[in-house]
Visitor: 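Once you've had a glance at the structure underneath, I'll fire off some questions.
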Amino acid sequence: MSSQHDASLRHRSPPGASSPSQQSAPMATQAAGTTSPKVAADEKAPTATKSLPQTPNTSFSPLTIAGLFLLSFIGFYATFTAPSDDVESLSKMKGVDKLVGTALLLNNAVANAIGLPTRPAKPQKGEFGKLPPMGFNSWNAFRCDISEEKFLVAADKLLELGLEKLGYDYVNIDDCWSTHERDPNTGRLVPDPIKFPDGIKGTADKIHSRGLKFGIYGTAGEETCAHYPASLGHETLDAQTWADWGVDFLKYDNCGVPDSWKDPYSYYPEDWYGTYENQTGGPAAPLDYDWSKSLQAERFYRMRDAIKKTGREMYYSLCNWGHGHSERWARQAGAASWRMWGDIVPQWEGKKEWSWGFMPIVNYASFFAEYTDFYGHNDFDMLEVGNGNLTDAETRTHFALWAGLKSPLLIGTPLDQIEAKDLAVLKNKEIVAFNQDPVYGASILPFKWGINPAWTWNQTHPAEFYSGQSVKGINVFVMNTLDVSTTKSFTFEEVPGLRKYGEYEVKDLWTGKKLGVYHGAWRGEVEAHDTRVLLFTEKGGKHPHKGKLPKPAIWKKKPISTVWPLPKGGKE
Ligand code: GAL
C-alpha cells in the first residue's frame, strides 16, 4: 500500500476544512531597517563592542606535543570509563573515579584545542530515559512504504556515517508494519510477511546484532492512524508481544479512539494557533480541568501498566499530539517523552493537510519549554533534515531548535541518500552535546521575543532569542524569522547566567569558530530563517555560571496564560 494511499485514508481534518493553501499563514516580509530589535535603551549600557580576536599561538614544543599525546591516551581510556565529563560531577567523585574524570576533562580540552571529536557522555545504568532519544524513524522518510531492508540500510548507515557514535542508536519502525488482522488463535498482532519476512523479531535481532536499539509503533485506539489493528483493550497482550520480540522503544499514537473513550472536554494545541481540528470532538475544558484523570490519560496509563508487567525496559514515547495537555500528565503515564503538537512537515511555516511547518511548532514550544527536564521531554516531532525544499538556513534552524528544546532527535530521511551538508547538520557535535547534556536537563527558554519585544504573541513570528546552560557554558540561540538577513543583538543583562558588564569568549557552534571576546552585548548578522548558536564562556573556556540558571526576566513580567490567544470561547 503506498504512503499516499494510506495518508488519504486518514481522517484528521473535519469535512470541509480549508485547503492547505487557504490554511497556511504566509509570513509578512518586513524591511530589515524596521525590524532590528532594540538593544537596551540605557545610554550607559555597554554596546556590542568586540575585541579583535588574538591570533592563536600555534607553535608547540616537542615536550608539549608529548604531553598532549599522554593526556589524550589517558583521556581515551577515560572516555570509555568515566560516568560524565563535566566539572560539577567531578567535584562529587572520589579516588580513581576522580582521576579518570580529570583525565576525561583534560582529554576533551586537548581534543577541543586540536579539533578532534569528543564523545558525548552516555547515560549510565539506571539512567534509562534520562536524555532525549536519538536515532532513526521511518515515518518522515517512507510513510507506509517500509520493509526490513530499509531498516537494515538505516541501521548500517547510522554506523557507517558515524551517527551512532554521536548517540543516534535507535532504529524505529513507525506505522504500517502489521497485517490488517490479528492472529485468530492467539489474538496477537501479525507482522506483514512481505515487508518483514523474518517477522519483527527477525528484524529486531538483526538491528540488535549491529549494536543498535529497536523501536516499534502502536496506538491507544481501535486502529492505528493508517488503519491497522491497534491496542486499546489489548494492552497486556501487545506489550508482551513486543517484549517477546525484543522491542526497546514504543511510540504510542492516538488514532481510532471510540466514542466511549472520548472526554467531555477537549484541548488541542493547534486550537491555540487559531485553527480548529476536530480530532476528538468536545467543547473546550475549564482552565483548571484535571487532565491527569481524563479518559485520554487513562488510555496511556493502561499501556504504561502493560509495559511494566512485561518486565522489559521499553522507552515509552507518547504520541497524542499534546491533546488533553499531555505535558501535564505524561510523566505520570510513565512516558519519557510526549508529542506536543500535530505532525511536522518540511516547510518553514503554515500547514499542509494535517501537518505543520516549523514556525507554528516553535511558537507553541516557546511557551511550553519548561515542561522538559531529565527523564521527561517535550517531543516536537521527528526531524525533517534532508527532506522537502528546506534552505540550508531553515535546516539549521530546525535542528538547532529541536536540539535546544531537547526534543528527541529521530532522523526521518533515507540515510543512503542524505546529502553531505544535511549530514553535517545532524553531526554537529556541539549542538548534539547540548541536547544530550549529562548535567543540565532543562530546555532552552526564550529570554526575548524578538519581533515582539513586549512579550506579545505573534502568529507567524515566534520568539527569536533563547538561552540555556550546558556543561560547556551558556548557550544562546538567535533565530531570524524574517525573509531577509538581519542584524540581531542582545545585551548580556538579558541572558540568564551572564553578567551585565561581563566579558566573554564567544564561539559559533555552527562554524566551530571562536568569534572573539565580547563586552556587555552581542550583535551579529543572522541569515533569513537561520539560527546562530553561540557558546559563551569566561576567558580560558571556564563556565560563566555555577548552579541552576534563573528564569529569564521576561517570564516574570506577565503570566503567559493572559497573553496567548485562547481558542474560541476564551477557554483553554
Ligand atoms: C501520526 C503520528 C505520526 C505517524 C503517523 C502514522 O499520528 O503523529 O508521527 O506516526 O501517525 O500513521
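A quick note: this is a predicted structure, and the numbers were derived from the prediction, not measured. Order of listing sets the numbers, starting from 1, for every ligand and every atom in it.
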Visitor: Taking the six-membered ring of Phe374 as reference, does the NZ or CZ atom of Lys130 fall below 6.0 Å from its centre and within a 45° cone about the axis?
Guide: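 Yes - Lys130 lies over the ring of Phe374, closer than 6.0 Å to its centre and within 45° of its axis.
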Visitor: Below 3.5 angstrom, do we get any N/O pair linking Trp321 and ligand 1?
Guide: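 Looking only at distances, the answer is yes, because the N/O contact criterion of under 3.5 Å is met.
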Visitor: Tell me whether Thr224 reaches ligand 1 (any heavy atom closer than 4.0 angstrom to a ligand atom).
Guide: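 No, Thr224 has no heavy atom closer than 4.0 Å to ligand 1.
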Visitor: Indicate yes or no: does an N/O atom of Trp139 lie under 3.5 Å from an N/O atom of ligand 1?
Guide: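 Such a contact does not occur with ligand 1.
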Visitor: For a quick check under 3.5 Å, do Ser337 and Tyr315 share a side-chain donor-acceptor pair by atom type?
Guide: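 Yes, a side-chain donor-acceptor pair sits under 3.5 Å.
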Visitor: If you count the atoms of ligand 1 from 1 in the order shown, which ones are under 4.0 Å from a heavy atom of Met382?
Guide: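 What qualifies from ligand 1 is 9 (O).
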Visitor: Does a side-chain N-to-carboxylate-O contact under 4.0 Å join Lys262 and Asp259?
Guide: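 Looking at Asp259 together with Lys262, the answer is yes, because their closest N to O distance falls below 4.0 Å.
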Visitor: Within a distance under 4.0 Å of any heavy atom of Asp175, pick out the atoms of ligand 1 and give their elements.
Guide: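 Going through ligand 1 atom by atom, the ones under 4.0 Å from Asp175 are 6 (C), 12 (O).
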Visitor: Between Asp244 and Lys201, is there a salt bridge with N-O shorter than 4.0 Å?
Guide: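 No, this pair does not count.
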Visitor: Under 4.0 angstrom from ligand 1, any heavy atom of Lys251?
Guide: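 Judged by the 4.0 Å heavy-atom criterion, Lys251 does count as contacting ligand 1.
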Visitor: What do we get for Cys319 next to ligand 1 when only non-hydrogen atoms under 4.0 Å count, side chain, backbone, both or neither?
Guide: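 Just the side chain.
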Visitor: Mind checking whether Trp356 and Asp381 have side chains closer than 4.5 Å, heavy atoms only?
Guide: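 Contact flag for Trp356/Asp381 side chains = no.
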Visitor: Can you tell which of Asp379, Ile344, Asp174, Thr219 gets a heavy atom nearest to atom 10 (O) of ligand 1?
Guide: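 The residue whose heavy atom sits nearest atom 10 (O) of ligand 1 is Asp174.
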Visitor: Classify the side-chain pair Asn254/Arg299 by whether it contains a donor and acceptor separated by less than 3.5 Å.
Guide: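 Their side chains do contain a donor-acceptor pair, which is all the 3.5 Å distance test asks for.
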